Amino acid sequence: MNNSSGRGVIIIVSGPSASGKGTVVSRALEKSDDARVDVRLSVSMTTRGIGKGEVDGETYYYVSRESFEENIARGNLVEYNSYAGEYYGTPKDKLDSLLDSGSSVILEIDVNGARQVLEQYPDAVTVYILPPSFQELEYRLRNRGRDSEEKIRYRLARGREEIPEARWYDYILINEIIEESADDLLCIIRAELNSRRRVEYKIDEVLATYGKDEKND
Ligand code: 5GP
(Lines give C-alpha, C1' and ligand atoms only; values in the text may rest on other atoms or scores of the structure.)
Protein backbone atom coordinates (compact mmCIF):
# COMPACT_ATOMS: atom_id res chain seq x y z
CA MET A 1 0.00 0.00 0.00
CA ASN A 2 1.47 3.30 -1.03
CA ASN A 3 0.42 5.09 2.14
CA SER A 4 3.37 5.77 4.33
CA SER A 5 1.34 7.29 7.17
CA GLY A 6 -0.83 4.17 7.54
CA ARG A 7 -3.86 6.38 8.09
CA GLY A 8 -6.79 6.56 5.75
CA VAL A 9 -8.49 9.61 4.37
CA ILE A 10 -12.18 10.52 4.42
CA ILE A 11 -13.47 11.18 0.91
CA ILE A 12 -16.83 12.90 0.73
CA VAL A 13 -18.59 12.29 -2.59
CA SER A 14 -21.62 14.46 -3.38
CA GLY A 15 -23.66 15.15 -6.46
CA PRO A 16 -27.30 15.50 -7.47
CA SER A 17 -29.58 12.52 -7.37
CA ALA A 18 -28.97 10.37 -10.51
CA SER A 19 -25.62 12.04 -11.26
CA GLY A 20 -24.31 8.49 -11.17
CA LYS A 21 -22.27 8.98 -8.01
CA GLY A 22 -23.41 5.68 -6.54
CA THR A 23 -22.30 3.80 -9.65
CA VAL A 24 -18.98 5.65 -9.81
CA VAL A 25 -18.32 4.87 -6.15
CA SER A 26 -19.18 1.16 -6.48
CA ARG A 27 -17.04 0.85 -9.60
CA ALA A 28 -14.14 2.57 -7.82
CA LEU A 29 -14.53 0.16 -4.89
CA GLU A 30 -14.49 -2.82 -7.26
CA LYS A 31 -11.30 -1.56 -8.88
CA SER A 32 -9.61 -0.49 -5.66
CA ASP A 33 -7.68 -3.73 -5.06
CA ASP A 34 -6.11 -3.62 -8.52
CA ALA A 35 -5.31 0.06 -8.05
CA ARG A 36 -3.76 -0.81 -4.64
CA VAL A 37 -5.95 1.67 -2.82
CA ASP A 38 -7.31 0.54 0.55
CA VAL A 39 -10.73 2.18 0.51
CA ARG A 40 -14.11 1.22 1.97
CA LEU A 41 -17.60 2.62 1.82
CA SER A 42 -19.45 4.19 4.73
CA VAL A 43 -22.97 2.78 4.44
CA SER A 44 -25.52 5.45 5.35
CA MET A 45 -28.67 4.96 7.36
CA THR A 46 -31.97 6.07 5.82
CA THR A 47 -35.68 6.00 6.52
CA ARG A 48 -36.57 5.88 2.82
CA GLY A 49 -37.86 2.68 1.28
CA ILE A 50 -35.54 0.22 -0.43
CA GLY A 51 -35.22 0.78 -4.21
CA LYS A 52 -34.86 -1.56 -7.16
CA GLY A 53 -31.50 -3.35 -7.12
CA GLU A 54 -30.59 -2.02 -3.67
CA VAL A 55 -29.39 -4.21 -0.82
CA ASP A 56 -29.96 -3.61 2.91
CA GLY A 57 -26.60 -3.14 4.65
CA GLU A 58 -24.84 -2.44 1.34
CA THR A 59 -26.69 0.43 -0.35
CA TYR A 60 -28.08 1.78 2.92
CA TYR A 61 -29.17 0.52 6.31
CA TYR A 62 -32.94 0.88 5.96
CA VAL A 63 -34.44 1.78 9.32
CA SER A 64 -37.67 3.13 10.80
CA ARG A 65 -38.03 6.76 11.86
CA GLU A 66 -38.03 5.68 15.51
CA SER A 67 -34.77 3.83 15.09
CA PHE A 68 -33.19 6.77 13.20
CA GLU A 69 -34.27 9.22 15.88
CA GLU A 70 -32.89 6.92 18.55
CA ASN A 71 -29.50 7.03 16.75
CA ILE A 72 -29.66 10.85 16.70
CA ALA A 73 -30.49 10.90 20.41
CA ARG A 74 -27.53 8.76 21.40
CA GLY A 75 -25.14 10.78 19.21
CA ASN A 76 -24.41 7.95 16.80
CA LEU A 77 -24.66 10.07 13.63
CA VAL A 78 -21.62 12.04 12.40
CA GLU A 79 -24.09 14.02 10.32
CA TYR A 80 -27.64 13.67 9.10
CA ASN A 81 -30.04 15.45 6.86
CA SER A 82 -33.59 15.22 5.68
CA TYR A 83 -34.24 14.91 1.96
CA ALA A 84 -37.65 14.50 0.29
CA GLY A 85 -39.13 13.99 3.76
CA GLU A 86 -36.76 11.14 4.69
CA TYR A 87 -33.75 11.04 6.97
CA TYR A 88 -30.25 10.16 5.74
CA GLY A 89 -27.20 9.98 8.00
CA THR A 90 -23.70 8.60 8.57
CA PRO A 91 -23.39 6.12 11.48
CA LYS A 92 -20.47 7.17 13.67
CA ASP A 93 -19.60 3.74 15.10
CA LYS A 94 -19.21 2.25 11.62
CA LEU A 95 -17.12 5.17 10.30
CA ASP A 96 -14.78 5.13 13.28
CA SER A 97 -14.13 1.42 13.07
CA LEU A 98 -13.26 1.69 9.36
CA LEU A 99 -10.90 4.62 9.99
CA ASP A 100 -9.32 2.80 12.93
CA SER A 101 -8.55 -0.12 10.66
CA GLY A 102 -6.44 2.23 8.50
CA SER A 103 -8.72 2.21 5.45
CA SER A 104 -9.74 5.31 3.58
CA VAL A 105 -13.50 5.75 3.69
CA ILE A 106 -15.87 7.15 1.07
CA LEU A 107 -18.92 9.01 2.38
CA GLU A 108 -21.60 9.43 -0.27
CA ILE A 109 -23.57 12.29 1.24
CA ASP A 110 -25.23 15.55 0.26
CA VAL A 111 -23.75 19.05 0.58
CA ASN A 112 -25.28 19.70 4.02
CA GLY A 113 -23.83 16.49 5.34
CA ALA A 114 -20.48 17.40 3.76
CA ARG A 115 -20.39 20.67 5.72
CA GLN A 116 -21.14 18.87 8.98
CA VAL A 117 -18.42 16.27 8.37
CA LEU A 118 -15.84 18.96 7.49
CA GLU A 119 -16.46 20.63 10.85
CA GLN A 120 -15.49 17.42 12.63
CA TYR A 121 -12.89 16.13 10.14
CA PRO A 122 -11.36 19.25 8.52
CA ASP A 123 -8.89 17.25 6.45
CA ALA A 124 -11.64 15.26 4.70
CA VAL A 125 -11.40 15.52 0.91
CA THR A 126 -14.45 16.63 -1.06
CA VAL A 127 -15.37 15.40 -4.55
CA TYR A 128 -18.43 16.61 -6.47
CA ILE A 129 -19.89 14.47 -9.27
CA LEU A 130 -21.55 16.54 -11.98
CA PRO A 131 -23.80 15.10 -14.68
CA PRO A 132 -22.88 16.24 -18.20
CA SER A 133 -26.23 18.13 -18.45
CA PHE A 134 -29.72 18.43 -16.93
CA GLN A 135 -31.13 16.55 -19.93
CA GLU A 136 -28.91 13.62 -19.03
CA LEU A 137 -29.88 13.91 -15.36
CA GLU A 138 -33.59 13.80 -16.21
CA TYR A 139 -33.05 10.87 -18.56
CA ARG A 140 -31.24 8.93 -15.83
CA LEU A 141 -33.91 9.74 -13.22
CA ARG A 142 -36.69 8.49 -15.52
CA ASN A 143 -34.72 5.50 -16.67
CA ARG A 144 -34.15 4.12 -13.20
CA GLY A 145 -37.93 4.05 -12.76
CA ARG A 146 -37.88 4.47 -9.02
CA ASP A 147 -39.61 7.80 -8.50
CA SER A 148 -43.02 9.31 -9.21
CA GLU A 149 -43.26 12.31 -11.57
CA GLU A 150 -43.50 14.55 -8.51
CA LYS A 151 -40.33 13.12 -6.99
CA ILE A 152 -38.48 13.42 -10.32
CA ARG A 153 -39.43 17.14 -10.50
CA TYR A 154 -38.32 17.56 -6.88
CA ARG A 155 -34.98 15.86 -7.45
CA LEU A 156 -34.30 17.98 -10.57
CA ALA A 157 -35.14 21.19 -8.69
CA ARG A 158 -32.90 20.12 -5.79
CA GLY A 159 -30.13 19.46 -8.31
CA ARG A 160 -30.51 22.97 -9.74
CA GLU A 161 -30.21 24.43 -6.23
CA GLU A 162 -27.38 22.18 -5.17
CA ILE A 163 -25.00 22.18 -8.17
CA PRO A 164 -23.59 25.71 -7.47
CA GLU A 165 -22.27 24.24 -4.19
CA ALA A 166 -19.77 22.26 -6.27
CA ARG A 167 -17.71 25.47 -6.31
CA TRP A 168 -16.34 24.86 -2.82
CA TYR A 169 -15.46 21.18 -3.36
CA ASP A 170 -11.80 20.17 -3.77
CA TYR A 171 -12.43 18.15 -6.93
CA ILE A 172 -15.14 18.03 -9.60
CA LEU A 173 -15.70 14.96 -11.78
CA ILE A 174 -17.96 15.25 -14.81
CA ASN A 175 -19.52 11.84 -14.98
CA GLU A 176 -19.73 11.01 -18.65
CA ILE A 177 -17.99 7.65 -18.65
CA ILE A 178 -18.31 5.65 -15.42
CA GLU A 179 -14.98 3.83 -15.86
CA GLU A 180 -13.09 7.08 -16.23
CA SER A 181 -14.80 8.75 -13.29
CA ALA A 182 -14.10 5.69 -11.12
CA ASP A 183 -10.41 5.74 -12.15
CA ASP A 184 -10.24 9.47 -11.42
CA LEU A 185 -11.74 8.96 -7.98
CA LEU A 186 -9.10 6.33 -7.14
CA CYS A 187 -6.36 8.65 -8.45
CA ILE A 188 -7.63 11.42 -6.17
CA ILE A 189 -7.47 9.11 -3.15
CA ARG A 190 -3.95 7.96 -4.02
CA ALA A 191 -2.75 11.50 -4.53
CA GLU A 192 -4.35 12.66 -1.26
CA LEU A 193 -2.69 9.86 0.69
CA ASN A 194 0.64 11.25 -0.48
CA SER A 195 -0.16 14.92 -0.01
CA ARG A 196 2.41 16.91 1.93
CA ARG A 197 0.08 17.73 4.81
CA ARG A 198 -0.51 14.03 5.44
CA VAL A 199 3.07 12.83 5.06
CA GLU A 200 5.00 15.86 6.32
CA TYR A 201 5.76 14.22 9.68
CA LYS A 202 7.90 11.70 7.77
CA ILE A 203 10.46 14.38 6.87
CA ASP A 204 11.74 14.49 10.46
CA GLU A 205 11.71 10.71 10.71
CA VAL A 206 13.90 10.48 7.61
CA LEU A 207 16.20 13.32 8.76
CA ALA A 208 16.66 11.56 12.10
CA THR A 209 18.26 8.66 10.26
CA TYR A 210 21.06 10.90 8.86
CA GLY A 211 24.54 9.66 9.65
CA LYS A 212 23.31 6.64 11.55
CA ASP A 213 24.94 3.38 10.75
CA GLU A 214 22.17 0.80 10.51
CA LYS A 215 24.48 -2.06 11.54
CA ASN A 216 25.41 -0.39 14.87
CA ASP A 217 21.93 0.85 15.81
P1 5GP B 1 -31.09 8.75 -2.76
O2 5GP B 1 -32.49 8.65 -2.19
O3 5GP B 1 -31.09 9.19 -4.21
O4 5GP B 1 -30.30 7.48 -2.54
O5 5GP B 1 -30.31 9.89 -1.96
C6 5GP B 1 -30.87 11.17 -1.84
C7 5GP B 1 -29.81 12.14 -1.35
O8 5GP B 1 -29.39 11.83 -0.02
C9 5GP B 1 -28.55 12.16 -2.20
O10 5GP B 1 -28.19 13.52 -2.43
C11 5GP B 1 -27.55 11.46 -1.33
O12 5GP B 1 -26.23 11.89 -1.59
C13 5GP B 1 -27.97 11.91 0.03
N14 5GP B 1 -27.46 11.02 1.09
C15 5GP B 1 -27.30 9.68 1.07
N16 5GP B 1 -26.79 9.24 2.23
C17 5GP B 1 -26.62 10.33 3.01
C18 5GP B 1 -26.10 10.52 4.33
O19 5GP B 1 -25.69 9.62 5.04
N20 5GP B 1 -26.09 11.80 4.78
C21 5GP B 1 -26.50 12.85 4.05
N22 5GP B 1 -26.41 14.05 4.57
N23 5GP B 1 -26.98 12.71 2.79
C24 5GP B 1 -27.04 11.46 2.29
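Residue numbers run from 1 in the order of the sequence given. We use all heavy atoms of the structure for the numbers below, so side chains are in, but hydrogens, waters and symmetry mates are not. Keep in mind that this is a model prediction, so the values were computed, not measured. For ligands, and for the atoms within them, numbers begin at 1 and follow the listed sequence.
Less than 4.0 angstrom separates some heavy atom of K21 from each of these atoms of ligand 1: 9 (C), 12 (O). Every atom of ligand 1 with a heavy atom of S44 under 4.0 Å away is listed here by number and element: 16 (N), 17 (C), 18 (C), 19 (O). Listed by number with element, the atoms of ligand 1 under 4.0 angstrom from any heavy atom of G113 are 22 (N). Atoms of ligand 1 found under 4.0 Å from any heavy atom of E79 (numbered from 1 in listed order, with element): 18 (C), 19 (O), 20 (N), 21 (C), 22 (N). Near R48, with a cut-off below 4.0 Å to any heavy atom, the atoms of ligand 1 are 1 (P), 2 (O), 4 (O). Which parts of ligand 1 touch S17 is read off a 4.0 Å heavy-atom cut-off, strictly below it: atoms 3 (O).
Y60 OH, 3.2 Å is the protein heavy atom nearest to atom 15 (C) of ligand 1. Atom 10 (O) of ligand 1 has D110 CB, 3.9 Å as its closest protein atom, hydrogens excluded (heavy atom only). Ranking the protein heavy atoms by distance from atom 14 (N) of ligand 1 puts Y88 CD2, 3.8 Å first.
Contacts between M45 and ligand 1, counted as non-hydrogen atom pairs separated by less than 4.0 Å, are absent for every part of the residue. Using a 4.0 Å cut-off between heavy atoms, Y83 contacts ligand 1 through its side chain alone, with no backbone atom that close.
Considering both main-chain and side-chain atoms, Y80 never comes within under 3.5 Å of ligand 1 through any nitrogen or oxygen pair. Taking any N or O of R155, backbone or side chain, at least one lies under 3.5 Å from an N or O belonging to ligand 1. Residue-to-ligand polar distances keep N81 apart from ligand 1: every N/O pair is separated by 3.5 Å or more.
E138 and R153 are joined by a salt bridge, as a carboxylate oxygen and a charged side-chain nitrogen come within less than 4.0 angstrom of each other. A salt bridge links D147 with R155: the distance from a Lys NZ or Arg NE/NH1/NH2 to an Asp or Glu carboxylate oxygen falls below 4.0 Å.
Between T90 and ligand 1 there is a heavy-atom distance shorter than 4.0 Å. At a 4.0 Å cut-off, not a single heavy atom of E162 sits close enough to ligand 1 to count as contact. Using a non-hydrogen distance threshold of 4.0 Å, R146 registers as a contact of ligand 1. Residue contacts with ligand 1 do not include R158, since none of its heavy atoms lies under 4.0 Å from the ligand.
A distance-only check finds a donor-acceptor pair linking the side chain of Q120 to the backbone of V78 [under 3.5 Å].
Ring geometry for Y87 against F68 counts as parallel: the plane angle stays under 30°, on a 0 to 90° scale with 60° as the upper cut.
More than 12 non-hydrogen atoms from other residues, nucleotides or ligands lie less than 6.0 angstrom from CZ of R74.
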Exercise. Under the side chain to side chain donor-acceptor pair (under 3.5 Å) criterion, do N175 and S19 qualify, and how do the steps go?
Worked result: CA-CA 7 Å; N175 184 26; S19 58; over 6 Å; no

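Using modelled atom types, one finds no donor on one side chain facing an acceptor on the other under 3.5 Å when comparing D110 with S14.
Residue pairs satisfying the salt bridge (charged side-chain N to carboxylate O under 4.0 Å, His left out) criterion with at least one member in residues 16-34, sequence neighbours excluded, are listed as follows: R27-E30, R27-E179, K31-E179, K31-D183.
Linking ILVMFWY residues whenever their side-chain heavy atoms come closer than 4.5 Å, directly or via other members, leaves I177 and L173 in distinct clusters.
Screening V13, D184, L185 for a side chain to side chain contact (heavy atoms under 4.5 Å, CB included) with V24, the sole residue that qualifies is L185.
Of all the heavy atoms in P16 and E162, the pair that sits closest is N-OE2, 3.9 Å.
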